[in-house]
Asker: 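One structure follows; several queries about it will come next.
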Amino acid sequence: MVKYNIIIVAFLCLLLASPIHGQIIVDERAILIPDRDDTAQVNADISFIVDIDENNMEKSEYKLDISNQENYSIEGYIEIYMEFIPETIEVLVDGKKADIITQEESYTNSRYRVKIDIAPESDIIVEVDYKILKTPQQWNVGLWALQYHYNSPINLQFSSKKEDYIRTYSKYDGKITLGYEPSKLSCSNCISEGKTITVEDSDYFYVNWEKKRVPYRAGILYLVMIFGIMYYLVKKSR
């Protein structure tokens, strides 16, 4: 009986020392994944002045101070999205006029792009100036007021040979001035005071407002309709 017990103990020792048990121990250990370099970033300090006059003609001046924080070159695009065709648009990169690529241009959607390159650990200054008619939201046109909205038309995209996509951290500072008294003005990440909207150190902003109007054409149409109905009733009564 003792002999059988010794054999069983020896068998169990061999089993515990076998490669199968060793494999089980390895499988239970956490697999280490190499850390990715998630520090790549571009900083953009964006200042702007926007004037929208009483006829809703918008004149905007944007200045972008873009900083490459990495020790390698990056390339990218300044993209400009608009809901109308601008009367004028100009982009300067470090004081020099840049080539503007027109991606799409229509009275409902216009898109422009400017290619830029930034050397390692350096800054560039981009200036975007344009003039455009501010159009109301066509899906929400009212009889006594037209609704408008505003947010930055600027979008930044960067990449490099090391990174397919580099994150951009943007901060906006600026003012929007209206040439008339707005109604139902709402502001996200900004402060409104009368006809002036101020944005301070915000990563995005959005503004909604309404412009009151007198519907002359609708009034004339209603008067013509009423006159026509009265004329028809008088004629029929005779």
Asker: Would you indicate whether the side-chain heavy atoms of T198 and T196 approach each other to under 4.5 Å?
Answerer: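 Yes. Closest side-chain heavy atoms under 4.5 Å.
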Asker: Measuring only between side-chain heavy atoms, which start at C-beta, is I66 closer than 4.5 Å to I116?
Answerer: yes
Asker: Is there a donor-acceptor contact under 3.5 Å linking the side chains of D203 and Y169?
Answerer: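 No donor-acceptor contact under 3.5 Å links the two side chains.
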Asker: Is the CD atom of E54 crowded by more than 12 outside heavy atoms at less than 6.0 Å?
Answerer: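 Above 12, so yes.
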Asker: Between the side chains of K131 and D129, is the shortest nitrogen-to-carboxylate-oxygen separation below 4.0 Å, so that they form an ion pair?
Answerer: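 Looking at D129 and K131, the cut-off is not met.
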Asker: Going through the checks in order, is the side-chain hydrogen bond (donor to acceptor under 3.5 Å, both in side chains) test met by Y165 and E163?
Answerer: CA-CA 5 Å; Y165 174 76; E163 302 282 344; over 6 Å; no
Asker: What verdict does the salt bridge (Lys or Arg N to Asp or Glu O under 4.0 Å) test give for D117 and K115, after you've listed the backbone C-alpha separation in whole Å, the side-chain angles of each residue and the deciding distance to 0.1 Å?
Answerer: CA-CA 7 Å; D117 298 307; K115 189 179 186 307; 3.1 Å; yes
Asker: Can Y204 and Y172 be said to form a ring pair (Phe, Tyr, Trp, His ring centres under 6.0 Å), step by step?
Answerer: CA-CA 7 Å; Y204 80 97; Y172 289 90; 9.0 Å; no
Asker: Taking the side chain from E70 and the backbone from Q41, do they hold a donor-acceptor pair closer than 3.5 Å?
Answerer: yes
Asker: Does any non-hydrogen side-chain atom of I85 lie less than 4.5 Å from one of Y107?
Answerer: yes
Asker: Do the side chains of S160 and I166 get nearer than 4.5 Å, heavy atoms only?
Answerer: yes
Asker: Check whether any side-chain heavy atom of I52 lies under 4.5 Å from a side-chain heavy atom of W209, and answer yes or no.
Answerer: yes
Asker: Does any non-hydrogen side-chain atom of F48 lie less than 4.5 Å from one of E61?
Answerer: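 With C-beta onward as the side chain, the pair stays apart.
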Asker: Rounded at 0.5 Å granularity, tell me how far CD1 in I49 sits from NZ in K175.
Answerer: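 Atom-to-atom, I49:CD1 and K175:NZ are 9.0 Å apart.
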Asker: Check the pair L64 / L156 against side chain to side chain contact (heavy atoms under 4.5 Å, CB included), numbers first and verdict last.
Answerer: CA-CA 10 Å; L64 294 75; L156 304 174; 3.8 Å; yes
Asker: Does the ring of Y180 carry K211 above it, NZ/CZ under 6.0 angstrom from centre and within 45° of its axis?
Answerer: yes
Asker: Are E105 and Y112 close enough that a side-chain donor and a side-chain acceptor fall under 3.5 Å?
Answerer: yes
Asker: Could you check whether E58 and Y130, counting side-chain N and O atoms only, form a donor-acceptor pair closer than 3.5 Å?
Answerer: yes
Asker: Test side chain to side chain contact (heavy atoms under 4.5 Å, CB included) on I154 and I78; report intermediate values, then the result.
Answerer: CA-CA 7 Å; I154 306 295; I78 307 291; 4.3 Å; yes
Asker: Return yes if some donor-acceptor pair links the side-chain N/O of D51 with the main-chain N/O of K59 below 3.5 Å, else return no.
Answerer: no
Asker: Would you say V207 and S186 make side-chain contact, with heavy atoms under 4.5 Å?
Answerer: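 The answer is no; the side chains never approach within 4.5 Å.
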Asker: Before giving the answer on side chain to side chain contact (heavy atoms under 4.5 Å, CB included), spell out for V114 and Y77 the whole-Å C-alpha distance, their side-chain angles and the decisive distance to 0.1 Å.
Answerer: CA-CA 5 Å; V114 174; Y77 293 95; over 6 Å; no
Asker: Does M57 reach the side chain of K134, with side-chain heavy atoms less than 4.5 Å apart?
Answerer: no
Asker: Between the main-chain N or O of E200 and the side-chain N or O of S202, is there a donor-acceptor pair closer than 3.5 Å?
Answerer: yes
Asker: Does N71 reach the main-chain N or O of P120 with its side chain, forming a donor-acceptor pair under 3.5 Å?
Answerer: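 No, the answer is negative, given that no donor and acceptor are paired below the 3.5 Å cut-off.
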Asker: Evaluate the criterion side-chain hydrogen bond (donor to acceptor under 3.5 Å, both in side chains) for residue pair S67 and D123; output intermediate values, then yes/no.
Answerer: CA-CA 4 Å; S67 175; D123 299 353; 3.0 Å; yes
Asker: Within the side chain of S192, is there an N or O that forms a donor-acceptor pair under 3.5 Å with the backbone of C187?
Answerer: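 No; zero donor-acceptor contacts below 3.5 Å.
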Asker: Restricting to non-hydrogen atoms, name the atom on E121 and the atom on Q69 that form the minimum distance, rounded to 0.1 Å.
Answerer: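 Nearest heavy atoms, E121 then Q69: CG-O, 4.3 Å.
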Asker: Begin from the C-alpha positions of T168 and F158 and carry the test side chain to side chain contact (heavy atoms under 4.5 Å, CB included) through to its verdict.
Answerer: CA-CA 8 Å; T168 304; F158 294 101; 3.4 Å; yes
Asker: Salt bridge or not for R111 and E104, using N-O below 4.0 Å?
Answerer: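 Salt bridge flag = yes for E104 with R111.
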Asker: Can any side-chain N or O of D94 pair as donor or acceptor with the backbone N or O of I125 at less than 3.5 Å?
Answerer: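 Checking the backbone N and O of I125 against the side chain of D94, a donor-acceptor pair under 3.5 Å is found.
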